[in-house]
There are 2 protein chains.
Amino acid sequence: MTKNYVHATENPLTPAHEDYLKAIYLLAADGEPVSNSALAQHMGFAAASATNMVKKLAELHLVTHEPYRGVELTDMGRQVALEVLRHHRLIELFLHETLDMSWDRVHEEADKLEHVISEAMEDAMAAVLGNPTIDPHGDPIPSKEGHIDKTPGFLLTSAPIGETLRLIRVLTQDPDRLCYLGSLGLYPDTPVILRERAPFNGPLLLEVQGQPHALAFEMAEQLQVVVTEPTPA
Amino acid sequence: MTKNYVHATENPLTPAHEDYLKAIYLLAADGEPVSNSALAQHMGFAAASATNMVKKLAELHLVTHEPYRGVELTDMGRQVALEVLRHHRLIELFLHETLDMSWDRVHEEADKLEHVISEAMEDAMAAVLGNPTIDPHGDPIPSKEGHIDKTPGFLLTSAPIGETLRLIRVLTQDPDRLCYLGSLGLYPDTPVILRERAPFNGPLLLEVQGQPHALAFEMAEQLQVVVTEPTPA
DNA sequence: CATAATTTTTAGTCATGGCTAAAAATTGTA
DNA sequence: TACAATTTTTAGCCATGACTAAAAATTATG
(Lines give C-alpha, C1' and ligand atoms only; values in the text may rest on other atoms or scores of the structure.)
Protein backbone atom coordinates (compact mmCIF):
# COMPACT_ATOMS: atom_id res chain seq x y z
CA MET A 1 0.00 0.00 0.00
CA THR A 2 1.99 2.91 -1.30
CA LYS A 3 1.33 6.27 0.22
CA ASN A 4 -0.14 9.00 -1.90
CA TYR A 5 2.45 11.74 -2.11
CA VAL A 6 0.69 13.90 -4.69
CA HIS A 7 0.25 16.71 -2.24
CA ALA A 8 3.25 15.99 -0.09
CA THR A 9 4.97 19.11 -1.37
CA GLU A 10 7.83 19.12 1.08
CA ASN A 11 9.85 22.20 0.41
CA PRO A 12 13.29 21.50 -1.02
CA LEU A 13 13.35 24.90 -2.67
CA THR A 14 16.66 26.69 -2.70
CA PRO A 15 17.12 30.46 -2.86
CA ALA A 16 17.76 29.96 -6.58
CA HIS A 17 14.35 28.37 -7.08
CA GLU A 18 12.69 31.14 -5.13
CA ASP A 19 14.47 33.88 -7.04
CA TYR A 20 13.40 32.45 -10.37
CA LEU A 21 9.80 32.08 -9.26
CA LYS A 22 9.75 35.64 -7.98
CA ALA A 23 11.22 36.89 -11.24
CA ILE A 24 8.65 35.00 -13.29
CA TYR A 25 5.87 36.45 -11.17
CA LEU A 26 7.14 40.00 -11.55
CA LEU A 27 7.76 39.68 -15.29
CA ALA A 28 4.35 38.15 -15.93
CA ALA A 29 2.49 41.16 -14.56
CA ASP A 30 0.54 41.29 -17.79
CA GLY A 31 -0.46 37.64 -17.62
CA GLU A 32 1.60 36.71 -20.65
CA PRO A 33 4.03 33.80 -20.53
CA VAL A 34 7.55 34.93 -19.74
CA SER A 35 10.19 34.39 -22.40
CA ASN A 36 13.35 32.62 -21.51
CA SER A 37 15.49 35.55 -22.53
CA ALA A 38 13.49 38.02 -20.45
CA LEU A 39 13.83 35.73 -17.47
CA ALA A 40 17.55 35.23 -17.98
CA GLN A 41 18.10 38.95 -18.42
CA HIS A 42 16.14 39.80 -15.28
CA MET A 43 18.20 37.31 -13.31
CA GLY A 44 21.46 38.50 -14.81
CA PHE A 45 22.31 34.97 -15.92
CA ALA A 46 23.01 33.32 -19.25
CA ALA A 47 19.99 32.07 -21.17
CA ALA A 48 21.07 28.47 -20.78
CA SER A 49 20.99 28.85 -17.02
CA ALA A 50 17.40 29.98 -17.14
CA THR A 51 16.39 27.10 -19.40
CA ASN A 52 18.03 24.76 -16.97
CA MET A 53 16.19 26.05 -13.93
CA VAL A 54 12.88 26.32 -15.76
CA LYS A 55 13.09 22.62 -16.51
CA LYS A 56 13.58 21.89 -12.84
CA LEU A 57 10.71 24.13 -11.82
CA ALA A 58 8.47 22.42 -14.35
CA GLU A 59 9.35 19.03 -12.88
CA LEU A 60 8.34 20.37 -9.49
CA HIS A 61 5.02 21.53 -10.98
CA LEU A 62 5.79 25.10 -10.08
CA VAL A 63 5.68 26.36 -13.65
CA THR A 64 4.33 25.20 -16.98
CA HIS A 65 6.75 25.45 -19.81
CA GLU A 66 5.81 25.16 -23.45
CA PRO A 67 9.14 25.03 -25.23
CA TYR A 68 9.88 28.15 -27.28
CA ARG A 69 6.67 29.71 -25.96
CA GLY A 70 7.48 30.79 -22.45
CA VAL A 71 7.00 30.00 -18.79
CA GLU A 72 3.95 30.49 -16.63
CA LEU A 73 3.51 29.94 -12.93
CA THR A 74 1.19 27.23 -11.75
CA ASP A 75 -1.06 28.01 -8.79
CA MET A 76 1.52 26.35 -6.59
CA GLY A 77 4.35 28.32 -8.17
CA ARG A 78 2.45 31.58 -7.77
CA GLN A 79 1.84 30.74 -4.14
CA VAL A 80 5.56 30.32 -3.57
CA ALA A 81 6.38 33.49 -5.48
CA LEU A 82 3.88 35.47 -3.43
CA GLU A 83 5.28 34.12 -0.22
CA VAL A 84 8.78 35.16 -1.20
CA LEU A 85 7.45 38.56 -2.24
CA ARG A 86 5.67 38.84 1.09
CA HIS A 87 8.92 38.10 2.86
CA HIS A 88 10.76 40.61 0.73
CA ARG A 89 8.38 43.49 1.27
CA LEU A 90 7.72 42.78 4.91
CA ILE A 91 11.45 42.80 5.48
CA GLU A 92 11.87 46.06 3.58
CA LEU A 93 9.25 47.73 5.72
CA PHE A 94 10.54 46.18 8.90
CA LEU A 95 14.09 47.32 8.30
CA HIS A 96 12.86 50.78 7.41
CA GLU A 97 10.61 51.11 10.43
CA THR A 98 12.57 49.42 13.20
CA LEU A 99 16.13 49.98 12.05
CA ASP A 100 15.54 53.30 10.34
CA MET A 101 17.28 52.06 7.22
CA SER A 102 16.70 54.35 4.25
CA TRP A 103 14.46 53.12 1.45
CA ASP A 104 17.36 52.87 -0.96
CA ARG A 105 19.11 50.23 1.17
CA VAL A 106 16.34 47.89 2.16
CA HIS A 107 15.84 46.19 -1.20
CA GLU A 108 19.27 44.67 -1.43
CA GLU A 109 19.11 43.52 2.16
CA ALA A 110 15.66 42.01 1.69
CA ASP A 111 16.86 40.14 -1.39
CA LYS A 112 19.11 38.10 0.86
CA LEU A 113 16.96 37.87 3.96
CA GLU A 114 13.79 36.82 2.14
CA HIS A 115 15.14 33.29 1.66
CA VAL A 116 16.18 32.55 5.19
CA ILE A 117 13.55 33.90 7.56
CA SER A 118 11.25 31.47 9.32
CA GLU A 119 7.48 31.47 9.34
CA ALA A 120 7.66 32.59 12.96
CA MET A 121 9.75 35.61 12.07
CA GLU A 122 7.47 36.48 9.17
CA ASP A 123 4.49 36.42 11.50
CA ALA A 124 6.28 38.38 14.19
CA MET A 125 7.25 41.11 11.73
CA ALA A 126 3.72 41.33 10.38
CA ALA A 127 2.34 41.57 13.90
CA VAL A 128 4.76 44.27 15.03
CA LEU A 129 4.06 46.27 11.88
CA GLY A 130 0.29 45.87 12.24
CA ASN A 131 -0.26 43.62 9.23
CA PRO A 132 0.85 46.22 6.73
CA THR A 133 -0.22 46.09 3.09
CA ILE A 134 2.40 48.28 1.45
CA ASP A 135 6.16 48.55 1.74
CA PRO A 136 8.34 51.70 1.80
CA HIS A 137 8.20 51.98 -2.00
CA GLY A 138 4.43 51.67 -2.12
CA ASP A 139 4.60 48.10 -3.40
CA PRO A 140 1.74 45.95 -2.11
CA ILE A 141 2.60 43.25 0.41
CA PRO A 142 0.85 39.95 -0.34
CA SER A 143 -1.21 38.60 2.52
CA LYS A 144 -0.27 35.35 4.18
CA GLU A 145 -3.01 33.69 2.14
CA GLY A 146 -1.47 34.97 -1.08
CA HIS A 147 -3.83 37.84 -1.82
CA ILE A 148 -2.25 40.95 -3.22
CA ASP A 149 -3.85 44.32 -3.84
CA LYS A 150 -3.61 45.77 -7.29
CA THR A 151 -2.11 49.23 -6.97
CA PRO A 152 -4.47 51.84 -8.37
CA GLY A 153 -3.40 54.93 -10.26
CA PHE A 154 -1.26 55.56 -13.31
CA LEU A 155 2.19 56.74 -14.22
CA LEU A 156 3.14 60.33 -13.55
CA THR A 157 3.97 60.63 -17.24
CA SER A 158 0.30 60.35 -18.10
CA ALA A 159 -1.08 62.38 -15.23
CA PRO A 160 -3.24 65.49 -15.75
CA ILE A 161 -1.63 68.90 -15.49
CA GLY A 162 -2.47 71.15 -12.56
CA GLU A 163 -4.37 68.68 -10.41
CA THR A 164 -3.16 67.66 -7.01
CA LEU A 165 -1.78 64.15 -7.24
CA ARG A 166 -0.60 61.78 -4.62
CA LEU A 167 2.48 59.67 -5.22
CA ILE A 168 1.55 56.13 -4.27
CA ARG A 169 4.29 53.91 -5.63
CA VAL A 170 7.88 54.12 -6.81
CA LEU A 171 8.74 51.35 -9.23
CA THR A 172 12.53 51.55 -9.41
CA GLN A 173 14.61 49.78 -6.82
CA ASP A 174 17.86 51.35 -7.92
CA PRO A 175 19.55 52.84 -4.84
CA ASP A 176 20.94 55.88 -6.61
CA ARG A 177 17.60 56.76 -8.16
CA LEU A 178 15.81 56.21 -4.87
CA CYS A 179 18.33 58.44 -3.16
CA TYR A 180 17.72 61.14 -5.72
CA LEU A 181 13.95 60.84 -5.50
CA GLY A 182 14.18 60.98 -1.73
CA SER A 183 16.21 64.18 -1.96
CA LEU A 184 13.25 65.70 -3.83
CA GLY A 185 10.87 64.50 -1.12
CA LEU A 186 9.30 62.04 -3.52
CA TYR A 187 8.21 59.33 -1.12
CA PRO A 188 4.92 57.44 -1.25
CA ASP A 189 1.98 59.49 0.04
CA THR A 190 3.58 62.79 -0.93
CA PRO A 191 1.28 65.29 -2.69
CA VAL A 192 2.56 66.37 -6.07
CA ILE A 193 1.32 68.75 -8.73
CA LEU A 194 2.36 68.27 -12.35
CA ARG A 195 2.87 71.74 -13.78
CA GLU A 196 4.29 71.14 -17.21
CA ARG A 197 5.21 68.35 -19.56
CA ALA A 198 7.92 69.09 -22.10
CA PRO A 199 7.31 67.56 -25.54
CA PHE A 200 9.22 64.67 -27.11
CA ASN A 201 9.30 62.79 -23.81
CA GLY A 202 11.13 65.68 -22.26
CA PRO A 203 11.37 66.49 -18.57
CA LEU A 204 8.35 67.16 -16.39
CA LEU A 205 7.96 70.18 -14.17
CA LEU A 206 6.68 69.17 -10.75
CA GLU A 207 5.71 70.95 -7.61
CA VAL A 208 6.59 69.02 -4.48
CA GLN A 209 5.85 70.64 -1.15
CA GLY A 210 5.82 74.06 -2.74
CA GLN A 211 9.15 73.49 -4.50
CA PRO A 212 9.41 73.25 -8.29
CA HIS A 213 11.49 70.40 -9.67
CA ALA A 214 12.29 69.26 -13.17
CA LEU A 215 12.16 65.48 -13.49
CA ALA A 216 13.43 63.39 -16.39
CA PHE A 217 10.77 61.52 -18.31
CA GLU A 218 12.39 58.17 -17.54
CA MET A 219 12.32 59.00 -13.85
CA ALA A 220 8.67 60.02 -14.01
CA GLU A 221 7.89 56.67 -15.60
CA GLN A 222 8.94 55.11 -12.31
CA LEU A 223 6.34 57.04 -10.33
CA GLN A 224 2.79 55.90 -9.93
CA VAL A 225 0.22 58.46 -8.78
CA VAL A 226 -3.48 58.94 -8.16
CA VAL A 227 -5.54 62.10 -8.41
CA THR A 228 -6.36 63.34 -4.94
CA GLU A 229 -10.08 63.74 -4.57
CA PRO A 230 -11.11 66.90 -2.74
CA THR A 231 -11.20 66.09 0.95
CA PRO A 232 -14.84 65.62 1.97
CA ALA A 233 -16.16 67.89 4.72
CA MET B 1 54.90 47.49 -10.11
CA THR B 2 52.68 44.83 -8.65
CA LYS B 3 50.31 45.85 -5.96
CA ASN B 4 50.70 44.47 -2.51
CA TYR B 5 47.64 42.37 -1.86
CA VAL B 6 48.70 40.94 1.46
CA HIS B 7 45.93 42.74 3.26
CA ALA B 8 43.49 42.88 0.39
CA THR B 9 41.32 40.30 2.08
CA GLU B 10 38.35 40.56 -0.23
CA ASN B 11 35.69 38.35 1.21
CA PRO B 12 34.85 35.32 -0.90
CA LEU B 13 33.73 33.50 2.22
CA THR B 14 30.63 31.39 1.95
CA PRO B 15 28.28 30.53 4.81
CA ALA B 16 30.10 27.20 4.97
CA HIS B 17 33.43 28.91 5.60
CA GLU B 18 31.89 31.10 8.25
CA ASP B 19 30.20 28.20 10.01
CA TYR B 20 33.45 26.27 10.22
CA LEU B 21 35.37 29.26 11.54
CA LYS B 22 32.71 29.90 14.15
CA ALA B 23 32.78 26.24 15.17
CA ILE B 24 36.56 26.25 15.50
CA TYR B 25 36.38 29.38 17.60
CA LEU B 26 33.77 27.92 19.93
CA LEU B 27 35.52 24.56 20.25
CA ALA B 28 38.89 26.14 20.96
CA ALA B 29 37.65 27.95 24.06
CA ASP B 30 40.51 26.41 25.99
CA GLY B 31 43.11 27.55 23.48
CA GLU B 32 43.92 24.01 22.41
CA PRO B 33 43.98 23.09 18.71
CA VAL B 34 40.67 21.61 17.58
CA SER B 35 40.70 18.01 16.41
CA ASN B 36 39.23 17.17 13.07
CA SER B 37 36.74 14.77 14.58
CA ALA B 38 35.52 17.30 17.14
CA LEU B 39 35.03 19.82 14.39
CA ALA B 40 33.21 17.38 12.13
CA GLN B 41 31.00 16.26 14.98
CA HIS B 42 30.13 19.82 15.93
CA MET B 43 29.19 20.57 12.35
CA GLY B 44 27.24 17.35 11.96
CA PHE B 45 29.29 16.38 8.92
CA ALA B 46 31.53 13.47 8.02
CA ALA B 47 35.16 13.76 9.08
CA ALA B 48 36.32 13.91 5.48
CA SER B 49 34.18 16.98 4.90
CA ALA B 50 35.87 18.77 7.75
CA THR B 51 39.34 17.84 6.49
CA ASN B 52 38.35 19.18 3.13
CA MET B 53 37.18 22.54 4.42
CA VAL B 54 40.08 22.89 6.81
CA LYS B 55 42.44 22.61 3.86
CA LYS B 56 40.62 25.42 2.11
CA LEU B 57 40.63 27.60 5.21
CA ALA B 58 44.35 27.00 5.60
CA GLU B 59 44.92 28.13 2.01
CA LEU B 60 43.04 31.31 2.82
CA HIS B 61 45.29 31.81 5.85
CA LEU B 62 42.30 31.69 8.16
CA VAL B 63 43.53 28.67 10.10
CA THR B 64 46.77 26.87 10.66
CA HIS B 65 46.60 23.17 10.29
CA GLU B 66 49.25 20.76 11.45
CA PRO B 67 48.15 17.42 10.01
CA TYR B 68 47.00 14.97 12.67
CA ARG B 69 47.45 17.68 15.29
CA GLY B 70 44.48 19.93 14.86
CA VAL B 71 43.32 23.30 13.62
CA GLU B 72 43.85 26.73 15.09
CA LEU B 73 42.50 30.07 13.98
CA THR B 74 44.90 32.67 12.69
CA ASP B 75 44.33 36.25 13.79
CA MET B 76 42.46 36.79 10.56
CA GLY B 77 40.39 33.68 11.07
CA ARG B 78 39.55 34.68 14.61
CA GLN B 79 38.51 38.09 13.37
CA VAL B 80 36.08 36.50 10.93
CA ALA B 81 34.77 34.09 13.56
CA LEU B 82 34.17 36.94 15.97
CA GLU B 83 32.35 38.94 13.35
CA VAL B 84 30.06 36.04 12.62
CA LEU B 85 29.52 35.53 16.33
CA ARG B 86 28.77 39.23 16.70
CA HIS B 87 26.19 38.92 13.95
CA HIS B 88 24.70 35.85 15.55
CA ARG B 89 24.32 37.28 19.00
CA LEU B 90 23.22 40.73 17.90
CA ILE B 91 20.54 39.07 15.82
CA GLU B 92 19.42 36.90 18.72
CA LEU B 93 19.03 39.92 20.94
CA PHE B 94 17.41 41.99 18.21
CA LEU B 95 14.82 39.34 17.43
CA HIS B 96 14.12 38.89 21.10
CA GLU B 97 13.78 42.60 21.80
CA THR B 98 12.04 43.97 18.74
CA LEU B 99 10.05 40.95 17.60
CA ASP B 100 9.44 39.50 21.02
CA MET B 101 10.68 36.11 19.87
CA SER B 102 11.29 33.72 22.76
CA TRP B 103 14.86 32.86 23.63
CA ASP B 104 14.44 29.27 22.49
CA ARG B 105 13.71 30.33 18.89
CA VAL B 106 16.28 32.99 18.21
CA HIS B 107 19.31 30.73 17.90
CA GLU B 108 18.11 28.78 14.90
CA GLU B 109 16.99 31.95 13.17
CA ALA B 110 20.29 33.68 13.87
CA ASP B 111 22.19 30.72 12.47
CA LYS B 112 20.75 31.52 9.08
CA LEU B 113 20.62 35.30 9.27
CA GLU B 114 24.18 35.73 10.52
CA HIS B 115 25.58 34.99 7.06
CA VAL B 116 23.48 37.39 5.04
CA ILE B 117 23.15 40.65 6.93
CA SER B 118 25.07 43.68 5.74
CA GLU B 119 27.44 45.82 7.71
CA ALA B 120 24.79 48.55 7.64
CA MET B 121 22.25 46.27 9.23
CA GLU B 122 24.71 45.08 11.83
CA ASP B 123 25.43 48.68 12.77
CA ALA B 124 21.76 49.63 12.79
CA MET B 125 20.90 46.76 15.10
CA ALA B 126 23.74 47.62 17.46
CA ALA B 127 22.63 51.25 17.52
CA VAL B 128 18.97 50.46 18.18
CA LEU B 129 19.94 48.07 20.94
CA GLY B 130 22.37 50.53 22.52
CA ASN B 131 25.57 48.64 21.70
CA PRO B 132 24.70 45.66 23.84
CA THR B 133 27.34 43.31 25.20
CA ILE B 134 25.28 40.23 26.01
CA ASP B 135 22.59 38.32 24.18
CA PRO B 136 19.40 36.75 25.61
CA HIS B 137 21.32 33.70 26.82
CA GLY B 138 23.96 35.76 28.56
CA ASP B 139 26.54 35.07 25.88
CA PRO B 140 28.91 37.98 25.32
CA ILE B 141 28.57 39.88 22.05
CA PRO B 142 31.95 40.64 20.47
CA SER B 143 32.52 44.31 19.75
CA LYS B 144 32.89 45.52 16.20
CA GLU B 145 36.63 45.59 16.80
CA GLY B 146 36.63 41.95 17.82
CA HIS B 147 36.90 42.33 21.57
CA ILE B 148 34.87 39.92 23.61
CA ASP B 149 34.31 39.91 27.34
CA LYS B 150 35.12 36.78 29.24
CA THR B 151 32.05 35.78 31.19
CA PRO B 152 32.82 35.63 34.92
CA GLY B 153 31.34 33.10 37.32
CA PHE B 154 31.20 29.33 37.47
CA LEU B 155 28.81 26.52 36.85
CA LEU B 156 25.83 26.10 39.11
CA THR B 157 27.05 22.56 39.81
CA SER B 158 29.99 23.97 41.72
CA ALA B 159 28.22 26.85 43.42
CA PRO B 160 28.13 27.24 47.20
CA ILE B 161 25.04 26.14 49.08
CA GLY B 162 22.76 28.75 50.63
CA GLU B 163 24.25 31.87 49.10
CA THR B 164 22.27 34.11 46.80
CA LEU B 165 23.51 33.57 43.30
CA ARG B 166 22.73 35.33 40.08
CA LEU B 167 22.29 33.36 36.89
CA ILE B 168 24.38 35.08 34.27
CA ARG B 169 24.61 32.69 31.35
CA VAL B 170 22.82 29.68 29.91
CA LEU B 171 25.09 27.54 27.80
CA THR B 172 22.67 25.24 26.01
CA GLN B 173 20.99 26.41 22.84
CA ASP B 174 18.60 23.50 22.67
CA PRO B 175 15.07 24.90 22.25
CA ASP B 176 13.39 22.27 24.44
CA ARG B 177 15.82 22.78 27.28
CA LEU B 178 15.57 26.55 26.98
CA CYS B 179 11.80 26.27 27.05
CA TYR B 180 12.00 24.19 30.19
CA LEU B 181 14.45 26.53 31.89
CA GLY B 182 12.26 29.46 30.95
CA SER B 183 9.28 27.75 32.55
CA LEU B 184 11.26 27.73 35.79
CA GLY B 185 12.04 31.42 35.42
CA LEU B 186 15.71 30.64 34.83
CA TYR B 187 16.67 33.53 32.60
CA PRO B 188 19.92 35.49 32.83
CA ASP B 189 19.96 37.96 35.72
CA THR B 190 17.57 35.88 37.81
CA PRO B 191 18.55 35.43 41.47
CA VAL B 192 18.87 31.81 42.51
CA ILE B 193 19.71 30.04 45.76
CA LEU B 194 21.20 26.57 45.71
CA ARG B 195 19.65 24.70 48.63
CA GLU B 196 20.89 21.16 48.22
CA ARG B 197 23.10 19.05 46.06
CA ALA B 198 22.27 15.35 45.83
CA PRO B 199 25.31 13.04 45.77
CA PHE B 200 26.55 11.04 42.77
CA ASN B 201 25.83 13.91 40.37
CA GLY B 202 22.22 13.82 41.38
CA PRO B 203 19.69 16.62 41.06
CA LEU B 204 20.10 20.02 42.66
CA LEU B 205 17.49 21.70 44.77
CA LEU B 206 17.08 25.34 43.78
CA GLU B 207 15.07 28.24 44.97
CA VAL B 208 13.97 30.54 42.18
CA GLN B 209 11.76 33.49 43.06
CA GLY B 210 10.68 31.78 46.24
CA GLN B 211 9.80 28.55 44.47
CA PRO B 212 11.75 25.32 45.08
CA HIS B 213 12.76 23.37 41.98
CA ALA B 214 14.72 20.17 41.48
CA LEU B 215 17.12 20.46 38.56
CA ALA B 216 19.00 17.62 36.89
CA PHE B 217 22.78 17.75 37.23
CA GLU B 218 23.22 17.86 33.46
CA MET B 219 20.89 20.84 33.28
CA ALA B 220 22.72 22.63 36.07
CA GLU B 221 25.95 22.17 34.13
CA GLN B 222 24.46 24.47 31.52
CA LEU B 223 23.98 27.32 33.97
CA GLN B 224 26.69 29.78 34.82
CA VAL B 225 26.27 31.86 37.96
CA VAL B 226 28.03 34.39 40.15
CA VAL B 227 27.68 34.96 43.87
CA THR B 228 25.71 38.12 44.49
CA GLU B 229 27.67 40.46 46.69
CA PRO B 230 25.58 42.18 49.37
CA THR B 231 24.13 45.34 47.84
CA PRO B 232 26.16 48.30 49.14
CA ALA B 233 24.20 50.97 50.99
C1' DC C 1 9.30 29.98 -50.07
C1' DA C 2 14.00 29.94 -48.91
C1' DT C 3 17.37 31.84 -46.30
C1' DA C 4 18.98 34.87 -42.60
C1' DA C 5 18.60 36.36 -37.87
C1' DT C 6 17.17 35.34 -33.46
C1' DT C 7 15.82 32.64 -29.66
C1' DT C 8 15.91 28.48 -27.23
C1' DT C 9 17.73 24.29 -26.08
C1' DT C 10 21.26 20.78 -25.64
C1' DA C 11 25.77 19.23 -24.42
C1' DG C 12 29.38 19.44 -21.72
C1' DT C 13 32.56 22.20 -18.17
C1' DC C 14 33.51 23.97 -13.63
C1' DA C 15 33.53 25.16 -8.43
C1' DT C 16 31.27 24.25 -4.15
C1' DG C 17 30.63 21.30 -0.48
C1' DG C 18 28.51 17.47 0.95
C1' DC C 19 29.26 12.00 0.84
C1' DT C 20 31.53 6.91 1.23
C1' DA C 21 35.27 3.83 1.12
C1' DA C 22 39.87 2.90 1.50
C1' DA C 23 44.59 4.15 2.61
C1' DA C 24 47.80 6.20 5.75
C1' DA C 25 49.29 7.96 10.01
C1' DT C 26 48.99 8.08 14.87
C1' DT C 27 48.07 6.25 19.31
C1' DG C 28 47.27 2.58 22.64
C1' DT C 29 48.32 -1.95 24.36
C1' DA C 30 50.19 -6.45 25.00
C1' DT D 1 58.50 -3.32 19.99
C1' DA D 2 54.79 -5.14 17.34
C1' DC D 3 50.21 -5.18 16.40
C1' DA D 4 45.53 -3.47 17.02
C1' DA D 5 42.41 0.39 17.31
C1' DT D 6 41.53 4.93 16.19
C1' DT D 7 41.93 9.13 13.76
C1' DT D 8 42.96 11.58 9.75
C1' DT D 9 43.58 12.00 5.10
C1' DT D 10 43.11 10.79 0.30
C1' DA D 11 40.49 9.44 -3.67
C1' DG D 12 36.65 9.61 -6.02
C1' DC D 13 31.34 10.31 -6.36
C1' DC D 14 27.27 13.30 -6.51
C1' DA D 15 23.85 17.38 -6.83
C1' DT D 16 23.55 22.23 -7.42
C1' DG D 17 23.64 25.94 -10.41
C1' DA D 18 26.45 28.85 -12.75
C1' DC D 19 29.10 28.95 -17.52
C1' DT D 20 30.33 28.56 -22.98
C1' DA D 21 29.74 26.74 -27.41
C1' DA D 22 27.14 24.54 -30.68
C1' DA D 23 22.83 22.64 -32.41
C1' DA D 24 17.98 23.12 -33.20
C1' DA D 25 13.82 25.53 -33.57
C1' DT D 26 11.38 29.65 -34.47
C1' DT D 27 10.63 34.04 -36.54
C1' DA D 28 11.69 37.59 -39.92
C1' DT D 29 12.94 39.04 -44.51
C1' DG D 30 14.09 39.14 -49.36
Side-chain angles (χ1 to χ4, degrees), chain A residues 9-24 27-28 30 32-73 77 80-81 84 111-112 114-116, chain B residues 9-24 27-28 30 32-73 77 80-81 84 111-112 114-116:
Chain A
T9 326
E10 43 146 328
N11 204 327
L13 300 185
T14 64
H17 290 112
E18 295 183 350
D19 279 335
Y20 275 96
L21 291 171
K22 189 177 61 161
I24 295 166
L27 290 171
D30 45 13
E32 296 289 293
V34 176
S35 80
N36 196 273
S37 47
L39 181 55
Q41 189 184 354
H42 184 103
M43 299 293 296
F45 293 147
S49 305
T51 302
N52 189 35
M53 180 57 89
V54 163
K55 278 205 301 194
K56 290 183 197 171
L57 293 174
E59 270 164 32
L60 294 168
H61 307 291
L62 295 166
V63 303
T64 55
H65 177 221
E66 304 205 38
Y68 291 95
R69 282 271 305 281
V71 206
E72 281 179 295
L73 294 173
V80 174
V84 177
D111 257 349
K112 297 179 293 176
E114 64 188 9
H115 305 294
V116 299
Chain B
T9 325
E10 42 146 328
N11 203 326
L13 300 185
T14 64
H17 291 112
E18 295 182 350
D19 279 334
Y20 275 97
L21 291 171
K22 190 178 60 161
I24 295 165
L27 290 169
D30 46 13
E32 295 289 294
V34 175
S35 79
N36 196 274
S37 46
L39 181 55
Q41 189 184 354
H42 184 102
M43 299 294 296
F45 294 146
S49 304
T51 303
N52 190 35
M53 179 57 91
V54 164
K55 276 205 302 193
K56 291 183 196 169
L57 293 173
E59 270 164 32
L60 293 168
H61 306 290
L62 295 167
V63 303
T64 54
H65 177 220
E66 304 207 38
Y68 292 93
R69 283 270 305 283
V71 206
E72 280 178 296
L73 294 173
V80 173
V84 177
D111 257 348
K112 296 179 296 176
E114 65 188 7
H115 305 295
V116 300

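Every chain is numbered from 1, with letters handed out A, B, ... down the list of sequences. A quick note: this is a predicted structure, and the numbers were derived from the prediction, not measured.
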If you measure from OG on B:S35 to NE2 on B:H42, what distance do you get to the nearest 0.5 Å? 12.5 Å
Counting heavy atoms from C-beta on, name the nucleotide in C:dT9, C:dA25, C:dG17 closest to the side chain of B:Y68. C:dA25
Once you apply a heavy-atom cut-off of 4.0 Å, does B:A48 come out as touching a base, just sugar-phosphate, or nothing? base
Can a side chain N or O of A:Y20 be found less than 4.0 Å away from OP1 or OP2 on D:dA18? yes
Please determine whether a side-chain nitrogen or oxygen atom of B:S35 lies at a distance below 4.0 Å from atom OP1 or OP2 of D:dT7. no
Can you tell me how far P of D:dA15 sits from NE2 of A:H17, to the nearest Å? 14 Å
Tell me the interatomic distance from B:M53, atom CE, to C:dT16, atom C1', rounded to whole angstroms. 8 Å
Base, sugar-phosphate, or nothing for B:A46, non-hydrogen atoms under 4.0 angstrom? base
Could you check how far CG of B:L57 sits from P of C:dT16, rounded to whole Å? 12 Å
Rounded to whole angstrom units, what separation is found between the CG atom of A:L60 and the C1' atom of D:dG17? 14 Å
Roughly how many Å is it from CZ in A:R69 to C1' in D:dT26, rounded to a whole number? 12 Å
Check against side chain to side chain contact (heavy atoms under 4.5 Å, CB included), B:T14 and B:H17: CA-CA 5 Å; B:T14 64; B:H17 291 112; 2.9 Å; yes
Take the protein atom NE2 of B:H115 and the nucleotide atom P of C:dG17, then report the distance between them rounded to whole Å. 12 Å
A:S37 near the nucleic acid: base, sugar-phosphate alone, or nothing, with a heavy-atom cut-off under 4.0 Å? sugar-phosphate
Residues which pass salt bridge (Lys or Arg N to Asp or Glu O under 4.0 Å) with A:D19, listed by chain and number, not counting sequence neighbours: none
Could you check how far CG of B:L13 sits from P of C:dG17, rounded to whole Å? 10 Å
Distance test, side-chain N/O of A:K56 to OP1/OP2 of D:dG17, below 4.0 Å: yes
B:H65 side-chain N/O to D:dT9 phosphate OP1/OP2 under 4.0 Å: yes
Looking at the side chain of B:A47, which of D:dG17, D:dT9, C:dG18 is the nearest nucleotide? D:dT9
Going through the checks in order, is the side chain to side chain contact (heavy atoms under 4.5 Å, CB included) test met by B:L62 and B:V80? CA-CA 8 Å; B:L62 295 167; B:V80 173; 4.2 Å; yes
When you check the phosphate oxygens OP1 and OP2 of C:dG18, does a side-chain N or O of B:S49 lie under 4.0 Å from one of them? no
Could you work out which one of D:dA18, D:dT9, D:dG17 sits closest to the side chain of B:N36? D:dT9
Among B:H65, B:E72, B:E66, which one satisfies side chain to side chain contact (heavy atoms under 4.5 Å, CB included) with B:P33? B:E72
Going by the rule side chain to side chain donor-acceptor pair (under 3.5 Å), which residues pair with B:S49 if we only count those two or more places apart in sequence or in a different chain? none
Quick one: is A:K55 getting a side-chain N or O under 4.0 Å of the C:dT10 phosphate, OP1 or OP2? yes
Looking across every strand, which nucleic acid part, if any, lies under 4.0 Å from A:F45 by heavy atom: base, sugar-phosphate, or nothing? sugar-phosphate
Nearest-Å distance for atom pair CD/P, residues A:Q41 and C:dT7: 10 Å
